[in-house]
K.L.:
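Before we start, here is the structure in question, set down as structure tokens.
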Amino acid sequence: MDQSAVRHHSFYPFVQPVARDQAIFLLEAARGDLSACTLVWWKRSEPEKVYRESMSVRYGTENTDQWAVSARFPEEAHYIKYHFVLRDQAGAERVFNAYGFDRDLRGCFELLQINSTDVIAVPEWARGCIWYQIFPERFEKDPSSGRAPEPWDAEPTRDNYLGGTLSGIRRRLPYLADLGIECVYLNPIFKADFNHKYATADYLAVDPMFGTEADLIALVDEAHRLGIRIVLDGVFNHAGIHFAPFEDLMQNGSASAYADWFYLKKEPVVIDPACYECVGDYPYMPRLNGACEGVREYVLKVLLYWLEKARIDGWRFDVADELDMNAVRYWRESVKRLYPDAVMLAETWGSAVRMIAPGTFDCAMNYLFRDAAVDFFARGSITPAEFRDRLAAMLQLYPDRNMHAMYNCLGSHDTARFLTEAGEDLRRLELAMAFQMLFPGAPAVYYGDEIGMKGENDPGCRGGMAWQAINEDLLAVQKRWIAFRKAHAAVRKGGIRLLPESDPALFSFSRFSGDEEIIAIFNTDAAPHSTDFADEAGSVDVLPRSVKIIIKHKEEM
């Protein structure tokens, strides 16, 4: 037994409360090192009542196995002592506790309390939800606005304007409903500089370029009528230089009533990162100080205002991994008290473990998912085995409840479009569409990907929605996989097993829930391949650049 590879701590994420009387326990060990793992627990005041819970491998990477078990206690969990019994492949057993490996049972782990705020709670609607991201300036224009921006098919730049509006988005809601979309995430819509609107000037006003507050309310109301939720982009890590408090800082320096709202470096204050902290060192986006009470209260005011006024369904937090996490906890507690079903989605580009700890965000933008999918399906730069390993490592990071709400995108306004990454190979995009809709999480379609839009990274990925150049065949593929996801509970919220392959050219996994199991087998090769299953399915042939689906029910298993 490789004792150095065994890991557990008596706190999140190794202990994941899912109710006050229930928690999931995780333990890591070397891949294939253990033949069995058992959680042994008892209450501190009742040492004679010992419970044993058999654990199983949740996900395994090339190097590690993650063992897991969900333990339910007779009452709310408090003063629970526990250790693990590990059995190696030769049948020898060792006890593992807080002191390491100790047969005398000293130094037990202890779960002192599960408080209500410790419980991992995610809005039920967000688990398995199908998202659609819209860059408002580029989705649909409003001919009645009277504005005369550049032609809709003009090459996107960081400075030009094509004329997209909120009323334009509202007119296209039937298209989204027909596609099967359940939630729309809008890039910033508030009064701000630049076409991307990430340099906010007024968080309590819709940018006149997009319309009015009434237009936003009408959009949300019509979306709700069609069964579509709306989530807005909250840019609270930084503001724009025309944000009134920052203008006051520029005028009055350290004497400003808003001096502590920002990270002032030197005076006089001019538009220069040397004078104040900025996001990405962009001088037009000064960072807000989330540790400041004034900032915390102002942001909370904004969050609650639009939740009440426009009845939106939640917020996406820009640059969330740079936010003050104490401020995030304060905002969450305040928002969830009044709007428990409002989703709080974090932007991060790496591991989101810190972002989705209890008391913080519900879910995060899953760029680990996107990067792995691009490398495997678009570029073909990793093997199926390497792809499987990266997915397993990603799955190990997140509790199931959060994992099913993770925003699984193939691209966004900050990346090259998937079809461009794939060298404009439509078959690679179709495979990725299938994978995205079959994998655990909340699949997110970036506007236009479903109709074959292309574009390099910002600003190339932000072109006007190509309504006049829809690839109808590709759109039909997207619709088909969305409908398949909605029709099968095993795909929408079920468990997953990453399957080993008899043919190393193939990648496959199983989704399961209740009496249903769905096996998906992907072949990205230009030649046909076959794989063998150790059951009545026998040998399965998979055509070139395609996915094979096997649906089984309990009576068939």
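Only a predicted model underlies this, so the values are computations on that prediction, with no experimental measurement involved.
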K.L.:
Quick one: does NZ or CZ of Arg497 land under 6.0 Å from the six-membered ring centre of Phe512, within 45 degrees of the ring axis?
P.N.:
yes
K.L.:
Looking only at atom types and distance, does a side-chain atom of Arg388 sit under 3.5 Å from a main-chain N or O of Pro500, one as donor and one as acceptor?
P.N.:
no
K.L.:
Tell me, with the steps shown, if Glu46 and Tyr79 meet side-chain hydrogen bond (donor to acceptor under 3.5 Å, both in side chains).
P.N.:
CA-CA 10 Å; Glu46 299 175 338; Tyr79 310 132; over 6 Å; no
K.L.:
Kindly assign one of parallel, tilted or perpendicular to the pair Phe96 and Phe109, based on the angle between their ring planes and the thresholds 30° and 60°.
P.N.:
tilted
K.L.:
Given Gln66, which partner from the list Arg58, Arg7, Glu28 fulfils the side-chain hydrogen bond (donor to acceptor under 3.5 Å, both in side chains) test?
P.N.:
Arg58
K.L.:
Parallel, tilted or perpendicular: which one describes the rings of Phe243 and Phe262, with boundaries at 30° and 60°?
P.N.:
perpendicular
K.L.:
Please work out whether the ring planes of Trp315 and Phe190 are parallel, tilted or perpendicular, with thresholds of 30° and 60°.
P.N.:
tilted
K.L.:
Could you label the plane-to-plane angle of the Trp41 and Phe73 rings as parallel, tilted or perpendicular, counting under 30° as parallel and over 60° as perpendicular?
P.N.:
perpendicular
K.L.:
Using a strict cut-off of less than 4.0 Å between a Lys/Arg side-chain nitrogen and an Asp/Glu carboxylate oxygen, indicate whether Arg94 and Asp88 qualify as a salt bridge.
P.N.:
no
K.L.:
With a cut-off of 6.0 Å (strictly less than), are more than 12 heavy atoms of other residues, nucleotides or ligands near CD of Gln3?
P.N.:
yes
K.L.:
State yes or no: are the ring centers of Phe522 and Phe377 separated by less than 6.0 Å?
P.N.:
yes
K.L.:
Does NZ in Lys493 sit with more than 12 non-hydrogen atoms of other residues, nucleotides or ligands closer than 6.0 Å?
P.N.:
yes
K.L.:
Report the relative orientation of the aromatic rings in His413 and Tyr198; use parallel for angles under 30°, tilted for 30 to 60°, perpendicular for over 60°.
P.N.:
parallel
K.L.:
Hey, are Gln16 and Tyr398 close enough side-chain-wise for a donor-acceptor pair under 3.5 Å?
P.N.:
no
K.L.:
Would you indicate whether the side-chain heavy atoms of Arg316 and Tyr407 approach each other to under 4.5 Å?
P.N.:
no
K.L.:
Do NZ/NE/NH1/NH2 and the carboxylate oxygens of Arg370 and Glu421 come within less than 4.0 Å?
P.N.:
yes
K.L.:
Below 30° counts as parallel, above 60° as perpendicular, anything between as tilted: where do the rings of Trp131 and Trp125 land?
P.N.:
tilted
K.L.:
Is the Tyr82-Tyr51 ring centre distance short of 6.0 angstrom?
P.N.:
no
K.L.:
Students often mix this up, so state it plainly: with edges at 30° and 60°, are the rings of Phe439 and Phe369 parallel, tilted or perpendicular?
P.N.:
tilted
K.L.:
Determine the interplanar angle of the His488 and Phe484 rings, folded into 0 to 90°, and report it as parallel if under 30°, tilted if 30 to 60°, perpendicular if over 60°.
P.N.:
tilted
